[in-house]
Amino acid sequence: MCHSQDRTPSEVGRDLVQWFLENQRDLPWRRDYSPYGVWVSEIMLQQTQVAAVVPYYLRWMKRFPDVPSLAAATEDEVLLYWEGLGYYSRARNLLKAARLVMERFGGRVPDTEADLRVLPGVGPYTASAILSLAYNRDVPVVDGNVERVAARLLDLDVSAKSPEGRREVLRAATQWLVPGKARFYNQALMELGAVICTPAHPKCLACPVAARCLALRHGTVENRPVRSPRPRWEELRVAIGVLRENGKIYIQKRPEGGLFAGLWEFPGGKALEAETPRVALVREMEEELGVRVKIVDKIGVVRHAYTRFRVTLHAYRCVPDPPGQIVRPRACAAWKWVRPSELDLFAFPAANRRLIQALRKAADAGS
DNA sequence: CATTCGTGGTG
DNA sequence: TCACCAAGAAT
């Protein structure tokens, strides 16, 4: 009765679970599926690849092994442990959420959808991920992997992000779910998307459910899921200054909300059209700090690509001219003069951190 | 509902 | 070098 063309959909789930149990990657958060560990890993994995997350996760869990240790930490230290991972509001929200878990849930990670969704940074995906991976509740998850895998298995001809596509993906993910095995089923779907059913050049020959993939049957795998065109990025020139006086360097903390919220940075800003970076820096220092500066020399150029723009960072050493001016920064949460060695105690955006490395390399070679 | 929020890997 | 984009959430 069970001819292979006409299996019930739940067998897709069963095949996926079996494949996962035999082929899963050895990842640190799969050791014991503790709710806190699952939570931390899921936040780190948002829009971030597994390979990038692993070292951060290990370091994080060593320093903040449980909810109480995280809740007791300062935001600056939390951001330092997040430095380089991007989307820094994730770290700030995780800290706020840990404190909320202490106050409201006695330090225990919630096990209901409603309670989880109270936590900042926990949306529909993460709530379902914690419920299914940590507590093995029978709820499906829908992330980018699940969207892609489902869009191909179903040969979905509308965007998985559209209302209709969303419904279809959720319906399929729910239908395939193997009761009692959501922890492995959900990870199987995501693992398949990450390892086999990849965006480009999927390895269909190694796919455990290729026999029931409609896109493969119809030759439309490369066109699923259907994508909307992406906007082009903007080119940006930024001048940045390492301002030094009495052996100390000026740094400032970015305000709440917006780009790099809560991180520290060197002062500077965008160069206007037809403005050289040097002129821009002198102008920005005057505007931002109320300080007239003299540029000593150029440290170097750092290229950096963000999602929406590409930045060429022109970095200069500079000093107050005349010396001894009072710094009056505008529009920053805090500011400090620090010794060069202290720069490691503050979280900087990646491009700033690379500038610090260049600074030290020059200092080592020069003097 | 569209935009904003980073970074590094990869072909 | 370049284009794409990865276990989303907040606004």
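Quick note on labels: first sequence line is chain A, next is B, and so on, each numbered from 1.
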Separation of [X] atom [atom1] from [N] atom [atom2], in whole Å?
X: A:Glu147; N: C:dC5; atom1: CD; atom2: P; answer: 13 Å
X: A:Asp143; N: C:dA6; atom1: CG; atom2: P; answer: 10 Å
X: A:Gln47; N: B:dG8; atom1: CD; atom2: P; answer: 16 Å
X: A:Leu94; N: C:dA7; atom1: CG; atom2: P; answer: 20 Å

Salt bridge [X]-[Y], side-chain N to carboxylate O under 4.0 Å:
X: A:Arg308; Y: A:Glu234; value: no
X: A:Arg224; Y: A:Asp157; value: no
X: A:Glu147; Y: A:Lys161; value: yes

Under 4.0 Å between any heavy atoms, over every strand shown, what does [X] touch: base, sugar-phosphate, or nothing? Just pick one.
X: A:Leu85; value: base
X: A:Ala350; value: sugar-phosphate
X: A:Trp29; value: base
X: A:Arg166; value: nothing
X: A:Gly258; value: sugar-phosphate
X: A:Arg30; value: base
X: A:Arg227; value: sugar-phosphate

Under-3.5 Å N/O pairs linking protein and nucleotides 9-11 of chain C:
residue: C:dA9; atom: OP1; partner: A:Gly123; partner atom: N; Å: 2.9
residue: C:dA9; atom: OP1; partner: A:Gly123; partner atom: O; Å: 3.4
residue: C:dA9; atom: OP1; partner: A:Thr126; partner atom: N; Å: 2.9
residue: C:dA9; atom: OP1; partner: A:Thr126; partner atom: OG1; Å: 2.8
residue: C:dA9; atom: OP2; partner: A:Tyr125; partner atom: N; Å: 3.2
residue: C:dA10; atom: OP1; partner: A:Gly121; partner atom: N; Å: 2.5

Could you check which of [options] has an atom nearest any side-chain atom of [X]?
X: A:Arg148; options: B:dG8, B:dC1, C:dA6; answer: C:dA6
X: A:Arg310; options: C:dA7, C:dC2, C:dC5; answer: C:dC2
X: A:Thr307; options: B:dC5, C:dA7, B:dG6; answer: B:dG6
X: A:Arg308; options: B:dT4, B:dG6, C:dA7; answer: B:dT4

Donor/acceptor link under 3.5 angstrom from A:Thr48 side chain onto base of B:dG8: no
A:Tyr87 side chain near C:dA6 phosphate (N/O to OP1/OP2, under 4.0 Å):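 Result: no.
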Phosphate contact (B:dT7 OP1 or OP2) by A:His304 side-chain N/O below 4.0 Å: yes
Whichever of A:Phe309 and A:Arg354 has its nearest DNA chain B nucleotide further upstream toward 5': A:Phe309
Show me the donor-acceptor pairs, under 3.5 Å and distance only, between side chains in residues 105-112 of chain A and residues at least two apart or in other chains.
residue: A:Asp111; atom: OD2; partner: A:Arg137; partner atom: NH2; Å: 3.2
residue: A:Thr112; atom: OG1; partner: A:Asp115; partner atom: N; Å: 3.2
residue: A:Thr112; atom: OG1; partner: A:Asp115; partner atom: OD2; Å: 3.4

Parallel, tilted or perpendicular: rings of A:Phe346 and A:Phe348 (30°, 60°): perpendicular
Any side-chain donor near an acceptor of the partner, A:Glu245 and A:Gln325, under 3.5 Å: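 No, because no side-chain N or O of A:Glu245 sits under 3.5 Å from a partner of the opposite role on A:Gln325.
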All salt bridge (charged side-chain N to carboxylate O under 4.0 Å, His left out) counterparts of A:Arg254, not counting sequence neighbours: A:Glu265
Qualifying residues under ring pair (Phe, Tyr, Trp, His ring centres under 6.0 Å), relative to A:Tyr81, sequence neighbours excluded: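 Residues passing ring pair (Phe, Tyr, Trp, His ring centres under 6.0 Å) with A:Tyr81: A:Phe64.
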A:Arg278 to A:Tyr316 six-membered ring, cation-pi geometry met (6.0 Å, 45°):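 No cation-pi geometry.
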Toward the 5' end of DNA chain C, by each residue's nearest nucleotide, A:Arg303 or A:Tyr306: A:Arg303
C1' gap between C:dT1 and B:dG8, integer Å: 16 Å
Pairwise C1' distance, C:dA7 and B:dA2 [rounded to whole Å]: 23 Å
Measure all distances between protein nitrogen or oxygen atoms and nitrogen or oxygen atoms of nucleotides 9-11 of chain B, and list the pairs falling under 3.5 Å.
none

Pairs satisfying salt bridge (Lys or Arg N to Asp or Glu O under 4.0 Å), at least one member in residues 166-178 of chain A, at least two apart: A:Glu168-A:Arg171
Ring centroid separation A:Trp82 to A:Tyr56 under 6.0 Å: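 Ring centroids of A:Trp82 and A:Tyr56 are no less than 6.0 Å from each other.
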